[in-house]
Each structure stands twice: as structure tokens, then as C-alpha cells.
Amino acid sequence: MDVYADEAIAQATLIDQKVSEGSAGKLAGMVVSLKDVICHKDHGLQCCSNILDGFESQFSATAVERLLAQDAIVIGRTNCDEFAMGSSNENSGQGAVKNGIDLERVPGGSSGGAAVSVQMDMCLVALGSDTGGSVRQPASFCGVIGFKPTYSRISRHGLVAYASSFDSIGIFAKNVKDVALVLEIISGHDEYDSTVSGNPVPSYSQRLSTGKEHYKLAYIRETIESEGLAPEIRKNILGTINRLKDIGHQVDEIEFPLLENILPTYYILTWAEASSNLSRYDGVRYGYRSKNTTSLESMYKKSRTEGFGEEVKRRIMLGTFVLSASYYDAYYTKAQKVRSLIRNQTKNILDKYDFIITPTTPTTAFKLGEHSHDPLEMYLADLYTVQASVAGLPAVSLPSGVDKTGLPIGMQVMANDFEEGKLLAFSNYFLNLN
Ligand code: GLN
């Protein structure tokens with residue numbers, strides 16, 4: 001939605017000079033885009049919402065600082081669903097994004113612009129955010145790699161909050177090496193985010209060839225049998241499973257009885273967190289303020305009514321409802337308990353297996369407008385991605401061929417806490433099989 005052409009060229013000239021002097025950083029000249037929810041000092045930041053009209057970041061996200069310190073070049077900021085809420089990039093104050101493979105189709109969301117910026121070679125790497133699948137799902141729709149790390153791997157300082165206990169910066173690229181390189185640079189301890197892990201950050205990019213001869217993989221029976229799964233995607237994942245078995249890996253069918261509880265748990269908790277996080281947009285401190293107001297209260301109300309889009313308002317209201325005194329225990333407390341069960345049971349599987357594999361999405365990229373009138377249909381696009389988000393685990397969507405009409409299919413691979421290195425090595429191995 002914004003291209004920083006002059007600035008990028010000036011930056012490139014400086015980096016050229018550093019290269020000739022031998023003092024360039026590890027990412028010298030790597031062109032990256034930033035989703036419009038990631039702070040970049042002195043640049044516009046709107047979360048694709050009218051409520052942040054005209055807002056500029058006063059500081060840069062830690063991830064951005066670290067990229068710039070290694071001489072990456074920020075080429076622009078990318079369109080997304082408003083405050084990262086959506087699965088098609090149609091809920092954007094900046095208009096919808098189209099999928100580069102078929103302009104009548106969505107790129108997925110919420111990081112739709114980020115996915116397309118890599119898909120169409122406008123940059124090498126895009127930073128997005130993934131709360132329930134917003135990097136993996138659009139990556140799958142656009143045929144690129146989309147990586148979400150363990151919840152606390154990358155600092156959230158400077159990532160605008162949607163649902164703080166789920167939000168994670170994620171990485172789009174066309175090859176695993178670029179993902180690994182960026183991940184090792186932006187991960188790790190940060191004094192500005194008390195939730196980020198102090199675990200040492202391995203040199204992921206140096207360990208990509210450590211793939212094992214015998215991986216132990218699990219797939220959840222119900223994810224493959226699910227009625228909502230497009231038959232071609234089912235065929236694709238079953239084909240992958242058979243191929244992996246044929247070359248000597250163990251791939252077991254397992255059960256996950258809590259599967260149908262994951263999506264409701266995700267939405268109840270993220271609505272609750274969103275309603276609290278978004279209370280700060282009151283017309284006083286940031287961006288848009290309604291002009292037709294007569295009192296402080298009407299200024300708050302009108303600024304929020306006029307500034308937020310429909311989906312964001314729906315979630316604020318639902319979140320306020322699930323947090324209200326009479327329903328708190330029935331929804332919020334219960335969902336927190338179910339979240340612990342989902343995390344524990346997923347981790348139990350990953351104690352026995354290297355990875356869990358699933359399709360990334362139940363369908364390939366759908367048409368613009370196809371689901372925009374039914375929020376529930378839209379929520380189903382996250383059916384398979386929310387498990388890793390609820391559990392806080394790392395997961396990646398890898399391109400896995402195309403359907404009859406040429407639309408990309410993605411395979412999701414989920415790993416245990418902090419097993420990014422193992423996950424990236426497998427990703428590299430898997431993509432080289434194709
Ligand atoms: N599509 C999901 C949602 O609307 C995920 C969004 C995200 O990961 N930011 O909440």
C-alpha cells in the first residue's frame with residue numbers, strides 16, 4: 001500500500017558502499033516488506049484501519065531494528081485485514097488485495113499483501129503477523145512459504161496487538177534459507193518484551209542440511225476425513241503421506257478428540273483479548289477523531305463507530321460479551337482451560353513424533369466476495385492453522401503442488417516448542433523432494 005522507492009534506492013547506494021568496503025551486514029541488500037501492523041519509525045502505520053488515519057510510528061519494532069542493523073532494505077508496507085482480523089484481506093480500510101495467480105481470487109489473510117509481495121517478487125522476504133494463521137494461510141493460497149515460530153521466539157515490541165497471547169511475527173519467503181536467516185536475526189531476548197524467550201537462538205541457516213533419514217510424523221485422522229476439506233487437497237496430502245512412507249519415513253494416523261474445540265477456543269480468547277487491546281483507540285491518542293461530537297463520551301463513541309470496520313466491531317462486541325461478569329466463567333475461563341488441554345495434548349503428540357502434518361487450509365484460494373457475507377464461513381479458513389496458535393507452537397506452510405486449476409496447495413508442518421531448527425531442516429528436505 002506504500003512503496004518507499006527513493007528511500008530504498010538511497011539505502012541501496014549506502015549498502016553498495018558498505019559491500020565494497022567489506023563492512024556490510026548479513027542481510028546486505030535483502031529487500032523486505034512490512035505488514036501494516038509492524039512499527040517502522042517515521043513511516044505510516046495504520047493497521048489498514050480508518051481509526052489510525054494519518055498515524056506514523058514513533059519507533060521501530062525490535063524485529064525491524066534488527067533487520068535494518070543487518071542492512072536489509074524496507075521496500076514498503078503491505079495491505080492486510082484491519083488489525084489483522086480476517087482470512088481474505090477483504091476487511092481492509094485500504095481495499096482488497098488480489099491473488100497474483102488469479103485476480104478474481106483472494107490472497108488469503110490477514111497478511112494478504114505480504115504474501116503477494118513475495119509471490120510477485122516485489123521483495124525477497126515479507127514480515128507478517130500470525131495470530132491464528134495469518135501468515136500460513138495466505139502463504140498457502142499464494143504458493144509461498146509462511147513460517148510462524150514458537151509464541152515467544154520473536155519480540156512483539158512494535159507489533160500492534162490484536163490478541164497478545166497469540167500474536168507472533170511471521171516470515172514469508174520463497175526459500176527456506178531466507179526464512180532461516182531472517183529468523184535467526186530477529187529472534188531472541190529483548191528488553192522491551194517481557195514475554196520473549198531468552199533461549200539461545202541457533203544459527204538456523206547453517207543447519208538446514210541436518211535433515212534426518214527417518215522422520216516420525218503424525219497426521220490427525222479427522223483433519224483428513226473432514227467434510228469441509230476439498231477433495232483435491234485430501235488427495236494431495238494423502239499422496240504426500242504415501243510418498244514419505246515410501247522413502248522410509250514413519251507416518252502414523254492419530255486421533256485428536258479435541259479437534260472440534262480448537263476453533264471456538266481460538267475465537268473466544270482472541271475476541272476477548274482484542275476487545276481489551278483495541279480499547280486504546282478512543283479518538284484521543286491516535287489517528288481518527290470524529291468531528292460531529294458534542295461531549296467527551298460522544299467523541300469516544302463516534303470516533304470508534306466511524307473509525308473501526310464491521311469485523312473489528314463485531315469482535316470487540318463479542319469480546320466484551322465473553323468477558324462480561326455474567327458470562328466470564330461460561331466462556332472465557334472455560335476457553336482458557338480448554339486451551340491448556342489443547343496445548344498439553346498437542347505437546348504429548350510432539351513428544352512422540354517429530355511433527356504433525358495437516359493441510360494448511362481446507363480449500364484453495366476462494367473468490368473475492370465468496371465468504372465475505374458470512375463470518376462463520378470465513379472463520380473456517382483457519383480450521384487447521386489455529387491449533388499451533390492455541391498451543392503456541394511453531395508451524396510452517398510449505399507449497400505442495402497445485403490443484404487442477406493451477407491454484408496452490410499448502411502443507412502445514414507443526415513442531416514442538418523451540419524446534420524451529422528441526423522444522424526448517426525438514427522444510428528444506430521436503431521442498432527438495434519436489
Ligand atoms: N484469520 C484469523 C482471524 O481472523 C487469523 C488472523 C491472524 O492470524 N491475524 O483471527
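Whatever order the structure lists ligands and atoms in, that order sets their numbers, starting from 1.
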_By the definition side-chain contact (heavy atoms from CB on, under 4.5 Å), identify the one residue from S92, S87, S88 that meets it with E90._
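Considering S92, S87, S88, a side-chain contact (heavy atoms from CB on, under 4.5 Å) with E90 is found only for S88.
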
_Partner of V160 under side-chain contact (heavy atoms from CB on, under 4.5 Å), chosen from C47, S57, S129_ =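 That would be C47.
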
*Considering residues, nucleotides and ligands other than K337, do more than 12 of their heavy atoms fall under 6.0 Å from its NZ?*
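It does not: K337 NZ has 12 such atoms or fewer within range.
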
_Tell me every residue that passes salt bridge (Lys or Arg N to Asp or Glu O under 4.0 Å) with K216, counting only those two or more places apart in sequence or in another chain._
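Not a single residue meets the salt bridge (Lys or Arg N to Asp or Glu O under 4.0 Å) criterion with K216.
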
*If every non-hydrogen atom of K367 is compared with every non-hydrogen atom of E370, which pair is closest and at what distance?*
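What the structure gives for the nearest pair is N-OE1, 2.7 Å.
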
*Listing by chain and number, which residues have a heavy atom under 4.0 Å from ligand 1?*
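Contacts of ligand 1 under 4.0 Å: A84, M85, G86, S87, S110, D130, T131, G132, G133, S134, Y162, Y266, Y267, R315, D382.
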
*asked:* I'd like to know if the side chain of S164 and the backbone of A161 have a donor-acceptor N/O pair within less than 3.5 Å.
replied: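 Between the backbone of A161 and the side chain of S164 there is no qualifying donor-acceptor contact (under 3.5 Å).
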
